[in-house]
Novice: 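I am attaching a structure below and will ask some questions about it afterwards.
Indexing begins at 1, ligand by ligand and atom by atom, following the structure's order. Remember, it's a predicted structure, so these values are computed and weren't measured experimentally.
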Amino acid sequence: MSSTDPMKRLSSHGSSASIEEDPAAKRQRLERFVADQQLLASQSIPTPQTPYVIYTQRLSEVYRKKILVTGGAGFVGSHLVDRLMSEGHEVVVLDNFFTGRKANVEHWLHHPNFSLVRHDVIQPILLEVDQIYHLACPASPPHYQYNPVKTIKTSTMGTINMLGLAKRVKARILLASTSEIYGDPTVHPQPESYWGNVNTIGPRACYDEGKRVAETMMYAYKMQNDVEIRVARIFNTFGPRMHPNDGRVVSNFIIQSLQNKDITIYGDGSQTRSFQYVDDLVSGLIKLMNGNYDQPVNIGNPDEYSIKEFATKIRGMCESQSEIKFLPKVADDPTQRKADIRTAKREIDWEPMVTVDEGLKKTIEYFQREVEAAGGEIVPTGPDAAKPKGAN
Ligand SMILES: O=C(O)[C@H]1O[C@H](OP(=O)(O)OP(=O)(O)OC[C@H]2O[C@@H](n3ccc(=O)[nH]c3=O)[C@H](O)[C@@H]2O)[C@H](O)[C@@H](O)[C@@H]1O
């Protein structure tokens, strides 16, 4: 029978190597080892990507959940993982590393509550979990347009697989849907009751229609199989850990400004977006998952800017000499987008807490580090379909 005392268990290993060792010194060494293990189980390890320490609570078994995050090594997923880990839950990340990066979760690799699995959600997987945050899918237009068939499979087969898992293990599942399901909206701002205006055969359809059918599947599983579902319609989000070659507007404008390169506006810049900081999104996702409301909920910051205004704002904050350059408009680019968040306020008591300026300040600092780490130059991704570049 093995001893339940960790000190006794450890001292019974490698006995031949420690024959000569003074018993007091040995005990001290083992005590240090156990203390180190306990320390490692209570915090993250600083890494270049996450150069600070995140502490993890010790949750009793009654409150500790086993939580699956698909796409957990991506920009949004990794911030959600940080929050769930710090709350003391067990977290399993699934990622195929198409746009996700191991560096985004490297600071948890040692932690006993954390598992990382390289897996593509278009294949089924068997796991025992209590909750599923289903985020897996490239979200940047150049990336999701690179392999549109794969994007459709990710949203359809991937969501079916995750719903099948949720049904089997009776887990609650939250879908990361998107404001893109409203297409080029004719109603402004967009409430959840708006059905949208999507071009079913346009270049964005692989993503927009994929997410629309993913929502449909969520409600079909709820009706037919009593699966507990949550649907978050996420509006434009930014923050540290955005992929430097993401190609979306916030990363492009910051990278261009930091390098005094031309800021590329697609079209005349009159199109609008409302931008939220990633920490607010994470709070919204967690509140939605753990609340009682199971209809779609917009999660976004209603602070709306024209893209031209936004370019000027970022250039100013970066103290940049960049010129603004106008390129042709991209196909089916929504002309206006602003989150109507009355449902989130009413049903899950959520609203954004971080101003766009505060969020941008942190994001600019992050990209300054990324530009330095890249040796002083990053070439931003343009509007055309592109494979994500760089190590993952
Ligand atoms: O950031 C997000 O959360 C959203 O990003 C994209 O939607 P989109 O609004 O088109 O995001 P961007 O690619 O960042 O574009 C925003 C606006 O800036 C413009 N843009 C983008 C990049 C650039 O270099 N220059 C530029 O003018 C675009 O044409 C568009 O009008 C995704 O399709 C959504 O799923 C996702 O939720």
Side-chain angles (χ1 to χ4, degrees), residues 71 74-77 79 99 135-146 148 151 154-155 175-185 190 196 198 202-212 214 232-239 242-257 261-278 280-281 284-285 298-301 304-315 322 324-339 356 359 363 378-386:
F75 156 55
V76 172
H79 285 281
T99 54
L135 274 54
C137 190
S140 166
H143 293 163
Y144 67 61
Q145 289 171 28
Y146 170 71
T151 302
T154 303
S155 281
L175 171 71
S177 184
T178 169
S179 58
E180 291 268 314
I181 65 113
Y182 300 122
D184 189 4
Q190 295 79 52
V198 174
R204 302 174 87 99
C206 57
Y207 185 71
D208 303 5
E209 296 291 1
K211 290 287 187 183
R212 285 172 73 94
R233 292 187 180 153
I234 303 172
F235 282 65
N236 295 60
T237 305
F238 69 96
M242 286 188 94
H243 199 296
N245 300 111
D246 182 277
R248 275 179 285 188
V249 71
V250 178
S251 50
N252 275 10
F253 285 4
I254 294 178
I255 290 168
Q256 289 162 341
S257 297
K261 290 183 179 171
D262 287 349
I263 297 179
T264 53
I265 292 185
Y266 308 150
D268 64 5
S270 62
Q271 69 271 37
T272 70
R273 294 293 186 273
S274 65
F275 295 98
Q276 76 179 322
Y277 188 62
V278 66
D280 281 330
L281 169 60
L285 295 178
N298 289 339
I299 310 277
N301 187 333
E304 184 186 13
Y305 297 86
S306 75
I307 294 304
K308 203 169 153 189
E309 272 177 324
F310 204 58
T312 314
K313 181 180 190 61
I314 291 184
R315 181 173 62 180
S322 293
I324 291 182
K325 185 176 169 186
F326 292 91
L327 297 178
K329 184 180 182 311
V330 295
D332 293 342
D333 197 14
T335 48
Q336 52 180 357
R337 186 185 289 161
K338 175 179 174 168
V356 170
T363 312
I378 295 177
V379 181
T381 299
D384 298 331

Novice: Name all pairs fulfilling the salt bridge (charged side-chain N to carboxylate O under 4.0 Å, His left out) condition that reach into residues 243-255, sequence neighbours left out, sorted by first residue then second.
Specialist: D246-R248
Novice: Answer yes or no: is there a side-chain heavy-atom contact under 4.5 Å between P334 and R273?
Specialist: yes
Novice: Among D333, D332, D184, find the one that has a salt bridge (charged side-chain N to carboxylate O under 4.0 Å, His left out) with R204.
Specialist: D333
Novice: Please find the pair of heavy atoms, one from P142 and one from G382, that lie closest to each other, and give the distance.
Specialist: CG-O, 3.5 Å
Novice: Any side-chain heavy atom of F275 sitting closer than 4.5 Å to one from V249?
Specialist: yes
Novice: Under a 4.0 Å heavy-atom cut-off, which residues neighbour ligand 1?
Specialist: A139, P141, Y144, T178, E180, R204, Y207, I234, F235, N236, T237, G247, R248, V249, N252, F253, T264, I265, Y266, Q271, R273, I307, V330, D333, R337
Novice: Is the shortest distance from a Lys or Arg side-chain nitrogen in E180 or K211 to a carboxylate oxygen in the other one below 4.0 Å?
Specialist: no
